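In what follows, chains are A, B, ... by sequence order, proteins preceding strands, each numbered from 1. On a predicted model such as this, the values are computed, not experimentally measured, just so you know.
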2 protein chains.
Amino acid sequence: MKFLDCWTCFVAIIQARRSGAPPIHGIGRWSLPAMAYHRPKACKAARRGRIRRIMGRRPIDHETFSPLMRDVAKLADVATSTVSRALANPGRVNEKTRCRIIAAVEQLGYVPNAAARNLRVGTSDIVMAVLSQPAVANDASQIIPEVLQSVASTLADSGFNLVIASRGRSAATEKHIPDLAIGGIVRGAIVLGSTELPSYGRRSLAGAGIPIVSLLEDRSAAGIPSVVANDREAMREAVLHLIGLGHRSFFYIAGPAGNYHEIERFAGLAEAVSATGLSDRAIIRHEGARSFQNGFQTGIEAARVYLALKRRPTAAVSCWDDAAIAFMGTVRSQRVAVPGGLSVIGFDGAPVGAFCQPPLTTLQQPTASLGAKAAEILLALLDRDAAEPPVKTVLPCRHLLRASTAAPKGGARKASKRP
Amino acid sequence: MKFLDCWTCFVAIIQARRSGAPPIHGIGRWSLPAMAYHRPKACKAARRGRIRRIMGRRPIDHETFSPLMRDVAKLADVATSTVSRALANPGRVNEKTRCRIIAAVEQLGYVPNAAARNLRVGTSDIVMAVLSQPAVANDASQIIPEVLQSVASTLADSGFNLVIASRGRSAATEKHIPDLAIGGIVRGAIVLGSTELPSYGRRSLAGAGIPIVSLLEDRSAAGIPSVVANDREAMREAVLHLIGLGHRSFFYIAGPAGNYHEIERFAGLAEAVSATGLSDRAIIRHEGARSFQNGFQTGIEAARVYLALKRRPTAAVSCWDDAAIAFMGTVRSQRVAVPGGLSVIGFDGAPVGAFCQPPLTTLQQPTASLGAKAAEILLALLDRDAAEPPVKTVLPCRHLLRASTAAPKGGARKASKRP
DNA sequence: CTGTTAGCGCCTTCAA
DNA sequence: TTGAAGGCGCTAACAG
């Protein structure tokens with residue numbers, strides 16, 4: 001018999017009551033392992049005479065019926081509090097009792113009701129990831145999903161779950177985010193990429209009193225622990241390498257104005273240029289990107305601008321790979337030799353870069369470690385026993401030196417060679 | 001004054017008690033809008049003499065202190081149930097009362113405690129997305145993040161949240177997934193891509209009694225509503241188009257063996273070939289991919305195999321874009337003209353395809369609609385009033401006809417031209 | 001239309 | 001070491 005219909009349940013409940021068994025908890029006459037008794041909820045409803053209601057409900061499916069802690073307690077012949085203890089602090093329960101309880105848990109397939117637990121202890125084990133507007137697809141585009149994946153895995157290993165809060169199309173969605181935090185659903189938050197912290201009216205994420213970690217963007221100045229890649233240093237080193245090869249003029253394809261990565265990466269370029277004693281005018285800046293998405297479009301436009309230049313720089317530095325790839329493709333189709341006439345370098349480490357013609361030199365973001373580190377820091381913030389985590393963690397990008405960069409044809413002027 | 005320290009609170013609590021105010025709820029003498037009373041939790045603790053405990057706790061921060069429904073009720077001078085009703089069924093409350101309540105809610109910045117609500121009503125508004133092993137990065141690689149994004153947005157518009165359950169590295173993570181479902185945390189699940197439904201011991205996702213929607217893979221045979229792209233038809237049409245151009249032999253770059261998309265897409269190719277009366281031998285199948293990840297590697301290997309063929313097919317059909325791109329790049333570097341000597345077609349619609357040399361003809365998956373549709377169906381399943389959703393929803397891919405396909409140079413034999 | 005009341009399932013304190 | 005009891009914040013049935 002797979003289903004116990006509700007009428008059977010009700011009859012049994014009534015019988016149990018007539019025979020003087022305690023009416024609410026533990027009907028007492030039922031075979032517990034068969035889960036052949038209804039929940040007290042229904043008992044009570046029945047007692048109140050709302051019989052039709054119960055009968056009208058779906059029959060109880062043995063497959064999906066989930067036992068309660070008191071079922072376990074009854075089967076193991078202990079009190080619920082003992083079961084609770086056995087599961088939470090196994091050390092404080094008699095070994096033999098504990099074994100009985102564990103056996104009962106296994107037999108019934110008991111899983112604690114998380115909602116009740118959350119209510120009781122006042123916290124949850126859910127962590128929120130806040131993504132910026134066109135979310136997964138925007139911002140540092142390719143890498144967001146990988147980072148997210150890494151965050152989710154790390155959290156899962158510690159028993160936490162990750163909910164994705166995309167910043168919404170509508171104000172309602174926007175309101176959602178602080179509400180999640182304030183409503184006690186969420187225990188901590190990881191904010192990805194360049195967004196203002198969500199707020200709605202007088203509720204704000206920052207004011208929700210939950211730990212926040214910033215990922216990919218440095219918010220350590222605001223006191224928010226941040227995990228970032230070393231965008232600036234990586235770019236500086238890469239450009240210094242180009243300068244070492246003999247390049248003296250640069251075409252920079254800028255990302256969306258005001259974006260954190262754009263600012264940092266350009267700063268890296270500028271620092272390298274000025275550190276070598278070159279004038280600012282060694283850099284020609286191409287603006288126009290509105291987002292990191294559609295980088296290919298930006299790359300094509302940049303190529304058009306580049307091709308129209310009277311004195312073309314010998315190196316193109318792109319804020320992100322997509323633009324670099326499209327740029328490179330376009331200028332090559334106009335008979336610009338890469339890397340002979342023009343070196344190109346991107347940023348992000350998109351896998352496709354290795355399969356361009358020529359393979360694209362780029363700076364690979366440490367996606368997995370970024371995500372894992374941010375998750376670890378959040379976990380540390382949630383664990384009151386853990387040490388205070390660092391307010392700023394910088395992880396290095398990897399310089400993937402490929403065939404799109406070389407010494408300029410015109411002649412590598414003598415310059416201190418850099419490794 | 002920004003902080004109210006706990007001592008102040010405690011004193012006030014005691015005073016309130018001495019003056020005969022009800023000791024538990026609603027201290028009564030406090031200025032509510034100032035939130036200058038502690039929660040009953042603390043009152044009780046104080047009453048029980050655990051004074052030191054309270055004092056030892058963090059002071060109450062006005063910024064993060066969240067008021068309860070009874071605070072709102074008190075401020076609006078109604079009962080909590082009325083507040084509850086006003087927020088849930090506004091129609092069943094007097095207009096004037098409702099306004100007072102709303103005002104109080106605004107004034108206090110009240111946000112309902114979701115954990116308590118979940119416990120009480122027995123459900124939550126969280127939906128789970130189950131991803132296959134290397135999750136976001138694997139499977140139909142590029143498109144998973146976009147699909148997920150679309151799912152999340154659609155759910156958010158209906159007030160649902162999305163938690164990401166990556167299938168774990170460890171058994172513990174695996175166990176996690178059914179537990180989430182059974183533990184009442186999750187109200188429904190969307191399973192993405194090709195995975196077995198998670199299970200652990202006698203707990204399984206399928207047996208958790210929550211609605212499940214399958215996305216990207218057709219599980220309608222198992223009674224699970226599925227949302228899929230028309231992989232097979234799209235591929236068939238595309239190949240028929242190639243045949244219409246005059247191609248008679250095909251090199252197929254297969255995806256991971258046994259994968260749903262691989263099977264469907266190859267079937268589409270085979271159907272088109274046999275429908276035109278060509279022999280099976282018109283297809284040369286290149287196997288070897290272990291996952292969709294590292295498609296570039298697969299493409300390169302496939303190219304090597306292709307180049308070694310004595311009689312080279314005039315068209316290459318790839319199961320996914322990455323492999324097609326790497327394949328095309330490699331054969332071109334060996335002086336194979338594309339599309340002159342060889343037409344290449346991919347699958348997925350990766351944006352980078354438009355910027356290859358030559359731009360790659362491909363079949364674009366309707367990522368946004370796939371995600372949105374799956375979310376809608378899940379929402380319908382969760383809404384008992386909604387109509388039974390279709391068990392299988394097929395969304396069409398878009399044929400992006402670009403420069404990598406053309407009539408074979410050898411001569412387009414007469415064939416019924418297809419549009 | 002509104003107030004009273006009784007739990008949702010679990011954890012935790014207190015007493016035995 | 002164990003059991004009994006009470007309440008976390010909210011909702012919904014029921015009675016005015």
Side-chain angles (χ1 to χ4, degrees), chain A residues 22-25 39-50 53-54 66-74 76-98 100-101 110-124 182-185, chain B residues 23-26 39-45 47-50 53 66-74 76-98 100-101 110-124 182-185:
Chain A
I24 305 290
H25 295 333
R39 330 189 121 187
K41 184 167 161 182
C43 301
K44 203 157 321 150
R47 244 182 26 200
R48 285 200 205 120
R50 293 190 295 110
R53 275 291 182 85
I54 304 184
S66 45
L68 307 181
M69 189 179 272
R70 55 174 173 272
D71 302 340
V72 175
K74 187 153 248 189
D77 201 26
V78 292
T80 56
S81 52
T82 311
V83 176
S84 177
R85 254 188 307 254
L87 298 175
N89 337 31
R92 297 164 62 117
V93 170
N94 188 343
E95 180 59 21
K96 246 174 75 186
T97 317
R98 200 178 63 79
R100 270 213 327 279
I101 291 172
Y110 169 72
V111 177
N113 177 315
R117 182 177 197 289
N118 291 349
L119 174 58
R120 181 61 233 244
V121 304
T123 66
S124 78
I182 299 170
I185 275 289
Chain B
I24 304 290
H25 294 333
R39 331 188 120 188
K41 187 167 160 183
C43 300
K44 205 158 320 152
R47 243 181 26 200
R48 286 199 205 119
R50 294 191 295 109
R53 276 287 185 85
S66 44
L68 307 180
M69 190 179 273
R70 56 173 173 273
D71 302 341
V72 175
K74 186 152 251 191
D77 201 27
V78 291
T80 56
S81 55
T82 311
V83 176
S84 177
R85 254 188 307 254
L87 297 177
N89 336 28
R92 295 164 62 119
V93 170
N94 187 341
E95 180 59 22
K96 245 174 77 185
T97 317
R98 201 178 62 79
R100 270 215 325 280
I101 291 172
Y110 168 72
V111 176
N113 178 316
R117 181 176 198 288
N118 290 350
L119 175 58
R120 181 61 231 241
V121 303
T123 65
S124 79
I182 298 170
I185 276 290

Could you state the atom-to-atom distance from [atom1] of [X] to [atom2] of [N] in whole Å?
X: Arg85(A); N: dG3(D); atom1: CZ; atom2: C1'; value: 8 Å
X: Asn113(B); N: dC8(D); atom1: CG; atom2: P; value: 12 Å
X: Ile101(A); N: dT1(D); atom1: CD1; atom2: P; value: 13 Å
X: Met69(B); N: dT5(C); atom1: CE; atom2: C1'; value: 15 Å
X: Asp77(B); N: dC1(C); atom1: CG; atom2: C1'; value: 15 Å
X: Ile185(A); N: dC10(D); atom1: CD1; atom2: C1'; value: 13 Å
X: Asn118(A); N: dC10(C); atom1: CG; atom2: P; value: 12 Å
X: Lys96(B); N: dC1(C); atom1: NZ; atom2: P; value: 14 Å

Determine: side-chain N/O of [X] to OP1/OP2 of [N], distance under 4.0 Å, yes or no.
X: Tyr110(B); N: dC10(D); result: yes
X: Thr97(B); N: dC1(C); result: no
X: Arg70(B); N: dG9(D); result: yes

Nearest non-hydrogen partners of [X] and [Y], listed with the distance:
X: Ala79(A); Y: Ala73(A); answer: C-CB, 3.8 Å
X: Ile185(A); Y: Ser124(A); answer: O-OG, 2.5 Å
X: Leu119(A); Y: Leu119(B); answer: CD2-CD2, 3.2 Å

**Q.** Arg70(A) backbone acceptor or donor facing Thr80(A) side chain under 3.5 Å
**A.** no

Which of dG3(D), dG3(C), dC10(D) is nearest the side chain of Thr82(B)? It is dG3(C)

Taking dT2(D), dT4(C), dC10(C) as options, the one with an atom nearest any side-chain atom of Ala79(B) is dT4(C)

Walking DNA chain C from its 5' end, the first of Leu119(B) and Val78(B) to be reached, judged by nearest nucleotide, is Val78(B)

Result for 5'-nearest mapping on DNA chain D, choosing between Thr80(A) and Gly91(A), is Gly91(A)

*asked:* What I want to check is whether an N or O donor and acceptor connect the side chain of Ser81(A) with the base of dT13(C) at under 3.5 Å.
replied: no

Cut-off 3.5 Å, no hydrogens considered: what does the side-chain donor-acceptor table look like for residues 87-97 of chain B, sequence neighbours left out?
| from | atom 1 | to | atom 2 | distance (Å) |
| --- | --- | --- | --- | --- |
| Asn94(B) | OD1 | Lys96(B) | N | 3.2 |
| Glu95(B) | OE2 | Arg98(B) | NH2 | 3.2 |

